[in-house]
Amino acid sequence: MAGNKVSGDKAVMEKIVALCKRRGFIFQSSEIYGGIGGFWDYGPLGTELKRNIKDAWWNDMVRNPPPGPDDREFQMVGVDCSIIMNPKVWEASGHVGGFSDPMVDCKSCKARFRVDQVFHVPLYRSGQDEPFAQLSVESDDAQSAIEAAQPKGTKLSKKHGGGDFDARPVCLTDYLEANPTGQANLSCPSCNELGTLTEPREFNLMFQTYVGAVQDDANIAYLRPETAQGIFANFKNVMDSTRVKIPFGIAQIGKAFRNEINPRNFTFRSREFEQMEIEFFCRPDEAKMWYEFWRDTRIKWYESLGIKSDKLRPREQEGDELAHYSDACTDIEYLFPFSEETQELEGVAHRGCYDLTQHGIHSKGKENAFAVIDNETKERFVPHVIEPSAGADRFTLATITEAYSYDENRASPEFMKFHPRLAPIKAAVFPLVAKDGMPEVATEIYNQIRAECPTYALQIDAKQSIGKRYARMDEAGTPYCFTIDGQTLEDNTVTVRDRDDASQIRIPKESVAKFLREKLGV
RNA sequence: GCGGGUGUAGCUCAGUGGUAGAGCGUCACGUUGCCAACGUGAAUGUCGUGAGUUCGAAUCUCAUCACCCGCUCCA
């Protein structure tokens, strides 16, 4: 069977990575200096591909969004915010407080813990001032730490003669503050070994920098870890300047930065990446409806761009997976060849009124600073937010792995079956041989397509054998090649070669641009 | 961050202490009559990087960087 898909195979992933480099889709950043972990560059073909993806998203979501549920109308507008913002933004969003947690590692069993979630638990006999033993547990608070300490504590108690005991948990945060050199007295909550925990270390995943020439704590700033906060911070500006009315959405495409501990899997987990985000603002009582609308819209969008296989898997998050402020979230996941498990391409989250409320509190000192008034019902409410947040680089990678096809019966076994709308090169024009006036006709046809389809990336090539030129276009994923041959000179027809099955038909040379537009549908 | 593996031409890899190699790709010229054709020729390497051992290191040692796999992490 032609177009045989290969999946769930790491060898395939390696072939894809090799093809990406060979054909100029993706290069490692700073490769000539030995590279740099978690950063990637797009080459000429990859740049066209990613641009087509971002354009498709912007056109389909912002300029020409689908009709809403029950054909309800809604507006979509765009913003393009700065990457560095006032650091208070990240206090309001929780990124500064929440993600700079000190961690400790166990040198013995290699487990890692958040310092504030480990409790040191000395065990006491009633009436005694010194503990007879101690242990550690992982827990959210002191009360559950006591419960968590019972099984281990009972065993320890038996060892020490048995009898009732009293567990008095101390959070590691507090313990280390009181005993800065107290590491040796602590045991690992996982393997129970004594004195194996490292000193606490900060793991802030935000990139830090300084605004202004003086490097001082007072002017620390961060590269944004998500584009969403720029949208929330401009919510009122957009309301005041554009006449949008609830329900409406604000969209943004832009770079974001996360200092991942361990970047992996080609471009999938990068430290610098591009997001395509929508924050959709609606009435609280309609939030569920809009959540479902966006979830379904986003799934259909991926399918419309060629991710039709069963590798695309939406997954509704379970209760304990959800952030505390979130009512619902669907991860739209894709099964990449590098993993047995599906990986997130996009999260569609029902965020309630959390973000606007937080920014209200932090910027204006009141929860409802960004409340709006419904003109018909006169109700006043802080809008609820549905957030479809997609990874542009992740979808680019999914597009590449989905398109990658292998058919050993073809002269060119590897070919990229891109959706025509996303294909980096839309068509190529070839003289069958570089003589008898064929190159001149090729140039004429090439110029004709350029004039009639000025947005298409095209190629013209007269060098080497025709088979080699077809093969190169197969690896670039070019849907159609037009070839000028001897018959063209007699009856003005050219052959059209189809990338997916290598079949050929003849069409009049005047109609190549029309043929392309109809076939590509772009 | 931990453990294991890998790193030699654009790609895939051979080379285990003694002159830097192959296939494919790329380029040029010739040829061409629809699928990586053929012929001739060419370019391309601080052998990931830096130290050390040695008369001599791609090869041995150490460090470091990057990538892959498994943990860990993933707002």
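To find a chain, count down the sequence lines: A is the first, B the second, and so on, and within it residues start at 1. None of these values were measured; they are calculated from a predicted model.
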**Prompt:** Say you pick atom P in B:rA66 and the same atom in B:rG30; how far apart are they, in whole Å?
**Reply:** 48 Å
**Asked** Rounding to the closest angstrom, what is the interatomic distance between B:rC35 and B:rG21 at atom C1'?
**Response** 32 Å
**Asked** Can you say whether the rings of A:H120 and A:Y175 are parallel (under 30°), tilted (30 to 60°) or perpendicular (over 60°)?
**Response** tilted
**Asked** What is the nucleic acid contact for A:E475, judged by heavy atoms within less than 4.0 Å: base, sugar-phosphate only, or nothing?
**Response** base
**Message:** In whole Å, measure the gap between the P atoms of B:rU59 and B:rC71 for me.
**Reply:** 33 Å
**Item:** Ionic contact status for A:K15 with A:E414, cut-off 4.0 Å
**Value:** no
**Prompt:** Does the cation-pi check pass for A:R295 over A:Y291, that is, NZ or CZ under 6.0 Å from the six-membered ring centre and within 45° of its axis?
**Reply:** yes
**Request:** In whole angstrom, give me the gap between the C1' atoms of B:rA75 and B:rU12.
**Result:** 41 Å
**Message:** Just to be sure I understand the rule, does A:G38 reach a base, reach only the sugar-phosphate, or reach nothing, if contact means heavy atoms closer than 4.0 Å?
**Reply:** sugar-phosphate
**G-U wobble or Watson-Crick pairing nucleotide for B:rA63 (cut-off 3.5 Å, both distances)** = B:rU49
**Asked** With sequence neighbours excluded, what pairs up with A:K519 under the side chain to side chain donor-acceptor pair (under 3.5 Å) test?
**Response** none
Hey, what are the protein-to-nucleotides 37-45 of chain B N/O distances that come in under 3.5 Å?
{"from": "B:rA37", "atom 1": "OP2", "to": "A:S465", "atom 2": "OG", "distance (Å)": "2.4"}

**Message:** Give me the atom names and distance for the closest heavy-atom approach of A:G37 to A:P263.
**Reply:** C-CG, 4.1 Å
**Request:** Indicate the ring-plane relationship of A:F266 and A:W40, choosing parallel, tilted or perpendicular according to the 30° and 60° boundaries.
**Result:** perpendicular
**Item:** Ion pair check, A:R394 and A:E274, cut-off under 4.0 Å
**Value:** no
**Pair A:E277-A:T227, side-chain donor/acceptor within less than 3.5 Å** = yes
**Message:** With rounding to the closest Å, how many angstrom separate the C1' atoms on B:rA58 and B:rU49?
**Reply:** 14 Å
**Prompt:** Looking across every strand, which nucleic acid part, if any, lies under 4.0 Å from A:M473 by heavy atom: base, sugar-phosphate, or nothing?
**Reply:** nothing
**Asked** Does A:Y480 have A:R497 sitting over its ring (NZ/CZ under 6.0 Å from centre, angle to axis within 45°)?
**Response** no
**Message:** Let me spell it out: for each of A:L432 and A:F257, pick the nucleotide of RNA chain B with the closest heavy atom. Which residue's pick is nearer the 5' end?
**Reply:** A:L432
**Item:** Spacing of the C1' atoms in B:rC74 and B:rU6 (rounded, Å)
**Value:** 26 Å
**Asked** Got a donor-acceptor pair under 3.5 Å from the side chain of A:R264 to the base of B:rG70?
**Response** yes
**Prompt:** What is the pairing partner of B:rC71, taking Watson-Crick or G-U wobble pairs with both distances under 3.5 Å in any strand?
**Reply:** B:rG1
**Request:** Round to a whole Å and report the spacing from CZ of A:F268 to P of B:rC69.
**Result:** 13 Å
**Prompt:** On a whole-Å scale, what distance lies between the P atoms belonging to B:rU16 and B:rU61?
**Reply:** 15 Å
**Within 45° cone and under 6.0 Å: A:R298 NZ/CZ vs A:Y302 ring** = yes
**Message:** When you measure only distances, ignoring hydrogens and angles, does the side chain of A:E260 come within 3.5 Å of the base of B:rC74 through a donor and an acceptor?
**Reply:** no
For nucleotides 10-12 of chain B, print each protein N/O atom paired with a nucleotide N/O atom at under 3.5 Å, atom names and distance only.
{"from": "B:rG10", "atom 1": "O3'", "to": "A:K21", "atom 2": "NZ", "distance (Å)": "3.4"}
{"from": "B:rC11", "atom 1": "OP1", "to": "A:K21", "atom 2": "NZ", "distance (Å)": "2.4"}

**Request:** In whole angstrom, give me the gap between the P atoms of B:rC29 and B:rC68.
**Result:** 40 Å
